[in-house]
Undergrad: 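Provided herewith is a single structure, encoded as structure tokens, for subsequent inquiry.
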Amino acid sequence: MTDLHAGLIGELCDAGLLEDIDRAFAGLVADFDGRGCPEVELAAALASARCRAGHAYLDLVRCAAGTVGAALAAPAGEGDQPTPDLANWRKLLEESPAVAGPDVAEPRPLVLDRRGRLYLARFRNAERRVSERLLALAEAAPAPAAASPDLVEALFPASDEAPRRAARTALERRLCVVTGGPGTGKTTLAVRLIALLVGAGLAAPERIGLAAPTGKAATRLQESVGGQVAEIASIVPALADYRPRASTVHRLLARLRWGGASRARTLSLDVLVVDEASMVDLSLMARLLEAIPDRARLIVLGDADQLASVQPGAVLGDLCRAARPAEAPLHPCVVALTKSYRFDAGGGIGRLATAIVAGDGRAALAALEDAGDVDSTLEPMPDADGFTRLAARYAATAVEPCLRNLRAAGPAAPPFPAVRVLCAHRTGPFGADRFNRLVEEHLRGRGFIPRGQPFYAGRPIIVRRNDPVTGLSNGDTGVVLARDGTSRVWFPELGTAADRFEVAPSRLPEHESFFALTVHRAQGSEYHEVAFVPGPADSTVLTRELVYTAVTRARSKVAVHGDAAAVLAAVGRVTERATGLEVE
């Protein structure tokens with residue numbers, strides 16, 4: 001272990017620019033390298049940190065001959081230690097036993113490609129596998145189906161070209177990607193594509209899979225598909241007894257079976273529909289694509305303008321960008337829906353969302369400041385004291401009435417307030433964690449939280465870890481009910497009115513109270529109203545994709561609690577994610 005590992009890397013950890021896991025990985029690479037080379041150690045630590053930030057690799061060309069702080073996108077003035085010059089850094093890495101080149105098959109912790117991109121090996125391998133599988137799925141099916149023209153006409157009226165194009169893609173290829181904003185009919189189109197494939201004899205109802213990255217998104221997908229089956233069954237009678245069951249992607253992969261002489265692990269499916277695909281990270285997508293049988297079809301639904309996955313990669317965005325050229329292999333597989341049935345294009349939220357996607361900060365601000373449209377508003381929040389006042393006001397006007405109703409009527413009452421608070425940040429003066437503490441302090445002061453009762457009636461709970469024992473998934477939300485002197489946590493989106501999904505507090509996996517959520521946590525959800533807190537304008541967390549995701553969680557009204565500078569800065573700041581996924 002070199003002096004650098006104990007010195008500079010330790011110093012960077014103490015400053016919060018690196019984490020212990022980065023230090024540990026750098027130590028592993030140093031041991032593998034065996035030459036006492038500090039430049040290799042530093043590269044390993046930086047590559048690990050960049051992966052934690054969602055990037056697939058460390059770009060040596062951009063990071064060389066600069067500072068550690070710049071390589072880590074740290075705030076100005078932090079991490080001013082220099083990075084090596086490119087030629088020397090690259091030479092030392094190419095000579096290292098810990099680093100594989102693009103043509104080296106031997107497994108090593110790091111991979112350096114010809115463009116100077118330094119990968120953790122597993123992410124380089126994941127990119128390669130995703131690219132290969134997407135290209136294979138995009139190829140024309142060996143025997144294109146000859147669906148009845150009457151069936152196609154019944155499911156896809158000629159007046160709308162995009163759905164008919166998707167129908168042709170689903171019949172002729174094994175990959176169909178449907179992208180579009182909220183309310184553009186992605187799920188409705190997917191249901192009709194399922195019906196088309198069943199009606200054409202390319203899929204059996206019992207071999208249709210539905211999945212999404214989170215439990216909440218999976219529940220919404222199941223409800224949406226289930227709500228349309230009765231109408232579709234009148235066109236495709238084989239769907240009359242179809243009862244859709246959706247699961248998280250992780251839970252779906254846990255049911256993999258070993259198949260055939262190849263011993264490949266595959267899903268017993270003819271069709272798999274994956275919703276909210278923007279949230280699926282690189283490694284998870286690689287596992288999912290490898291689990292799809294060779295003859296099965298994949299229908300991907302998502303909004304490429306939303307936030308990318310928390311983990312490394314931006315698969316949906318990369319896929320849609322790769323499909324733009326008319327000659328691209330993926331071009332025939334991607335269908336974009338542009339007409340929103342939820343938002344009026346000229347209304348507050350519609351205008352706001354359109355302006356954000358276009359990167360037009362002034363138009364976004366105009367939509368928020370239009371006094372004639374109350375669907376989207378800008379509420380001044382000059383400082384952290386304003387955030388405190390917002391928490392107190394929300395507790396008094398939204399949370400207290402909700403708790404009273406729950407305690408009086410139990411499951412017959414709405415489980416959560418109609419207004420959901422979303423924060424750009426998790427920590428800090430404008431973070432969701434502080435908001436949640438402030439609300440509970442208010443409730444405690446008002447007598448709503450009895451002393452010594454952590455599971456007080458009406459407490460909202462969000463699960464933070466997948467748990468196969470209870471069936472709960474990271475992101476599932478529940479509320480505590482008190483009955484006959486005991487407490488149970490009810491998860492309203494996981495059961496039915498006749499069969500509620502309840503768990504004893506002692507059996508809950510890792511969890512916390514929530515009155516506000518981060519925007520990342522809210523992705524894949526819809527709320528009647530949204531109160532969004534962007535925080536300071538100079539925060540690098542505040543990006544165009546985050547603001548777009550936040551405001552489009554609302555069905556009817558969104559209020560941005562911040563200032564004009566934050567809106568302008570956010571709309572002008574595009575999320576930059578280093579990904580090397582090449583599907584061409």
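One is the number of the first residue; the rest follow in order along the sequence.
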Undergrad: State, yes or no, whether a side-chain contact exists between Leu197 and Asp270 at a heavy-atom distance under 4.5 Å.
TA: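 No. Closest side-chain heavy atoms not under 4.5 Å.
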Undergrad: Tell me, please, which residues at least two apart from Arg465 pass side-chain contact (heavy atoms from CB on, under 4.5 Å).
TA: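 For Arg465 the side-chain contact (heavy atoms from CB on, under 4.5 Å) partners, ignoring immediate neighbours, are Asp467, Pro509, Glu510.
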Undergrad: Name the residue from Thr552, Val558, Ile349 that meets the side-chain contact (heavy atoms from CB on, under 4.5 Å) definition with Val530.
TA: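 That would be Val558.
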Undergrad: Under 3.5 Å, is there a donor-acceptor pair between the Thr388 and Arg434 side chains?
TA: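 A pair is found: one side chain offers a donor N or O, the other an acceptor, under 3.5 Å apart.
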Undergrad: Looking only at atom types and distance, does a side-chain atom of Arg174 sit under 3.5 Å from a main-chain N or O of Asp294, one as donor and one as acceptor?
TA: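 Yes, because the side chain of Arg174 sits within donor-acceptor range (under 3.5 Å) of the backbone of Asp294.
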Undergrad: Quick one: OG1 on Thr179 to CG on Leu337, what's the gap to the nearest 0.5 Å?
TA: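 Going from OG1 on Thr179 over to CG on Leu337, the span is 8.0 Å.
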Undergrad: Are Ser278 and Glu545 linked by a side-chain donor-acceptor pair shorter than 3.5 Å?
TA: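 The criterion, which ignores hydrogens and geometry beyond distance, is not satisfied for Glu545 and Ser278.
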Undergrad: Can you find a heavy atom in the side chain of Ser376 that is under 4.5 Å from one in the side chain of Val551?
TA: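 Of all side-chain heavy-atom pairs linking Val551 with Ser376, none is under 4.5 Å.
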Undergrad: Is the closest side-chain heavy-atom distance between Leu272 and Leu252 below 4.5 Å?
TA: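 A side-chain contact under 4.5 Å exists here.
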Undergrad: Using modelled atom types and a 3.5 Å cut-off, is there a donor and acceptor pairing between side-chain atoms of Gln228 and backbone atoms of Ser224?
TA: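 Yes.
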Undergrad: Could you walk me through whether Leu18 and Phe25 pass the side chain to side chain contact (heavy atoms under 4.5 Å, CB included) test, one step at a time?
TA: CA-CA 11 Å; Leu18 295 177; Phe25 182 71; over 6 Å; no
Undergrad: Using salt bridge (charged side-chain N to carboxylate O under 4.0 Å, His left out) as the criterion, list what pairs up with Glu206, not counting sequence neighbours.
TA: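 For Glu206, no residue satisfies salt bridge (charged side-chain N to carboxylate O under 4.0 Å, His left out) once neighbours in sequence are set aside.
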Undergrad: Calculate, to the nearest 0.5 Å, the distance between atoms CG and CG belonging to Leu210 and Leu221 respectively.
TA: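 Going from CG on Leu210 over to CG on Leu221, the span is 5.0 Å.
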Undergrad: Holding to side-chain contact (heavy atoms from CB on, under 4.5 Å), I want the full list of residues that pass it with Ala408, two or more places apart in sequence or in another chain.
TA: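 Applying side-chain contact (heavy atoms from CB on, under 4.5 Å) to Ala408 gives none.
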Undergrad: Determine whether the side chains of Arg507 and Thr470 contain a donor N or O and an acceptor N or O closer than 3.5 Å.
TA: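 Side-chain D/A pair, Arg507 to Thr470: absent.
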Undergrad: Could you pull out all residues at least two apart from Arg287 that satisfy salt bridge (charged side-chain N to carboxylate O under 4.0 Å, His left out)?
TA: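 In terms of salt bridge (charged side-chain N to carboxylate O under 4.0 Å, His left out), with neighbours along the sequence ignored, Arg287 is linked to no residue.
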Undergrad: Donor-acceptor pair, Arg407 side chain versus Ala457 backbone, under 3.5 Å?
TA: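 Present.
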Undergrad: What are the two closest heavy atoms between Glu19 and Cys13, and how far apart are they?
TA: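 Residues Glu19 and Cys13, closest heavy atoms: O-SG, 3.6 Å.
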Undergrad: Using a 3.5 Å distance criterion without hydrogens, assess whether the side chain of Arg52 forms a donor-acceptor pair with backbone atoms of Ile21.
TA: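 Looks like no, no N/O pair under 3.5 Å.
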Undergrad: With sequence neighbours left out, what residues match Arg404 under salt bridge (charged side-chain N to carboxylate O under 4.0 Å, His left out)?
TA: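 So Arg404 forms a salt bridge (charged side-chain N to carboxylate O under 4.0 Å, His left out) with Glu400.
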Undergrad: Taking only residues at least two apart or on different chains, which pairs with a member in residues 436-464 satisfy ring-ring contact (aromatic ring centres under 6.0 Å, His included)?
TA: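 Qualifying pairs: Phe455-His511.
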Undergrad: Kindly give the heavy-atom pair with the smallest separation between Leu282 and Gly313, and that separation in Å.
TA: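 What the structure gives for the nearest pair is CB-CA, 4.1 Å.
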Undergrad: Looking at Thr549 and Leu307, would you say the former's side chain and the latter's main chain have a donor-acceptor pair under 3.5 Å?
TA: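 Such a contact is found between Thr549 side chain and Leu307 backbone.
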Undergrad: Okay, side chain of Arg446, backbone of Ala396: is any donor-acceptor separation there less than 3.5 Å?
TA: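 Side chain of Arg446 to backbone of Ala396, a donor-acceptor pair under 3.5 Å: no, none is there.
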Undergrad: Do the non-hydrogen side-chain atoms of Pro182 and Tyr548 ever get within less than 4.5 Å of each other?
TA: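 In short, these two side chains touch, coming nearer than 4.5 Å.
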Undergrad: Distance check, rounded to the nearest 0.5 Å: Leu253 atom CG versus Leu284 atom CG?
TA: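 Here the rounded value is 6.0 Å.
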Undergrad: Could you walk me through whether Val225 and Thr187 satisfy the side chain to side chain contact (heavy atoms under 4.5 Å, CB included) test, starting with their C-alpha distance in whole Å, then the side-chain angles of each, then the deciding distance to 0.1 Å, before giving a yes or no?
TA: CA-CA 7 Å; Val225 173; Thr187 309; 4.1 Å; yes
Undergrad: Any side-chain to backbone donor/acceptor pair from Arg553 onto Ser525? Under 3.5 Å, distance only.
TA: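 Yes, the answer is positive, given that a donor and an acceptor are paired below the 3.5 Å cut-off.
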Undergrad: Is there side-chain contact between Ser513 and Asn436, with at least one heavy-atom pair below 4.5 Å?
TA: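 In short, these two side chains do not touch, never coming nearer than 4.5 Å.
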Undergrad: Restricting to non-hydrogen atoms, name the atom on Asn474 and the atom on Asn466 that form the minimum distance, rounded to 0.1 Å.
TA: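 For Asn474 versus Asn466, the nearest heavy atoms are N-OD1, 2.8 Å.
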Undergrad: Please lay out, stage by stage, how Phe387 and Phe435 fare under the test ring pair (Phe, Tyr, Trp, His ring centres under 6.0 Å).
TA: CA-CA 8 Å; Phe387 187 76; Phe435 191 92; 5.6 Å; yes
Undergrad: Please evaluate residues Tyr242 and Ile232 with respect to the criterion side chain to side chain contact (heavy atoms under 4.5 Å, CB included), reporting the C-alpha separation (whole Å), side-chain torsions for both, the decisive distance (0.1 Å), and the verdict.
TA: CA-CA 11 Å; Tyr242 173 52; Ile232 297 296; over 6 Å; no
Undergrad: Apply the side chain to side chain donor-acceptor pair (under 3.5 Å) test between Tyr119 and each candidate in Glu127, Arg50, His55; give the one that qualifies.
TA: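 Output: one option passes, namely Glu127.
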Undergrad: Tell me, do Asp476 and Phe501 make a side-chain contact under 4.5 Å, heavy atoms counted?
TA: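 They are not in contact (no side-chain heavy atoms under 4.5 Å apart), so the answer is no.
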Undergrad: Can Leu443 and Leu403 be said to form a side chain to side chain contact (heavy atoms under 4.5 Å, CB included), step by step?
TA: CA-CA 10 Å; Leu443 296 176; Leu403 263 61; 4.2 Å; yes
Undergrad: Mind checking the CZ-NZ spacing from Arg521 to Lys216? Nearest 0.5 Å is all I need.
TA: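 One gets 9.5 Å once the value is rounded to the nearest 0.5 Å.
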Undergrad: Is Arg122 atom CZ crowded by more than 12 heavy atoms from other residues, nucleotides or ligands, each under 6.0 Å away?
TA: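 No, CZ of Arg122 has 12 or fewer neighbouring heavy atoms, counting only those of other groups under 6.0 Å.
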Undergrad: With a 3.5 Å distance limit and no angle check, can you tell me whether Thr377 reaches the backbone of Ala559 through a side-chain donor-acceptor pair?
TA: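 No.
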Undergrad: Tell me, please, which residues at least two apart from Thr397 pass side-chain contact (heavy atoms from CB on, under 4.5 Å).
TA: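 Counting only residues at least two positions away or on another chain, Thr397 forms a side-chain contact (heavy atoms from CB on, under 4.5 Å) with Arg393.
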Undergrad: Once rounded to the nearest 0.5 Å, what's the spacing between atom CG of Leu137 and atom SG of Cys176?
TA: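 So the gap between those two atoms works out to 12.0 Å.
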Undergrad: Show which side-chain atoms of residues 419-427 pair as donor or acceptor with protein atoms under 3.5 Å away, not counting sequence neighbours.
TA:
residue: His425; atom: NE2; partner: Ser539; partner atom: OG; Å: 2.6
residue: Arg426; atom: NH2; partner: Glu512; partner atom: OE1; Å: 3.2

Undergrad: Is there a side-chain contact between Ser309 and Arg577 (heavy atoms, below 4.5 Å)?
TA: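 Yes; the side chains approach each other to less than 4.5 Å.
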Undergrad: Rounded at 0.5 Å granularity, tell me how far OG1 in Thr266 sits from CD in Glu290.
TA: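 The OG1 atom of Thr266 sits 12.0 Å away from the CD atom of Glu290.
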Undergrad: Is there a side-chain contact between Ser473 and His250, using heavy atoms and a 4.5 Å cut-off?
TA: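 No; the side chains remain at least 4.5 Å from each other.
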Undergrad: With a sphere of 6.0 Å drawn around CG of Asp14, does it hold more than 12 non-hydrogen atoms of other residues, nucleotides or ligands?
TA: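 Yes - once you tally the heavy atoms of other residues, nucleotides and ligands closer than 6.0 Å, there are more than 12.
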Undergrad: Can you classify the ring geometry of Phe416 versus Phe514 as parallel (below 30°), tilted (30 to 60°) or perpendicular (above 60°)?
TA: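 Phe416 vs Phe514 ring planes: tilted.
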Undergrad: With sequence neighbours excluded, tell me which residues meet salt bridge (charged side-chain N to carboxylate O under 4.0 Å, His left out) with Arg500.
TA: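 If we apply the salt bridge (charged side-chain N to carboxylate O under 4.0 Å, His left out) test to Arg500, skipping adjacent residues, the hits are Glu502.
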Undergrad: Which pairs with one or both residues in residues 176-198 pass salt bridge (charged side-chain N to carboxylate O under 4.0 Å, His left out), sequence neighbours excluded?
TA: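 Qualifying pairs, neighbours excluded: Arg192-Glu231.
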Undergrad: Any salt bridge (charged side-chain N to carboxylate O under 4.0 Å, His left out) pairs touching residues 275-284, not counting sequence neighbours?
TA: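 Those involving residues 275-284 are Arg220-Glu276.
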Undergrad: With sequence neighbours excluded, tell me which residues meet side-chain contact (heavy atoms from CB on, under 4.5 Å) with Glu223.
TA: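 Expected list: Thr219.
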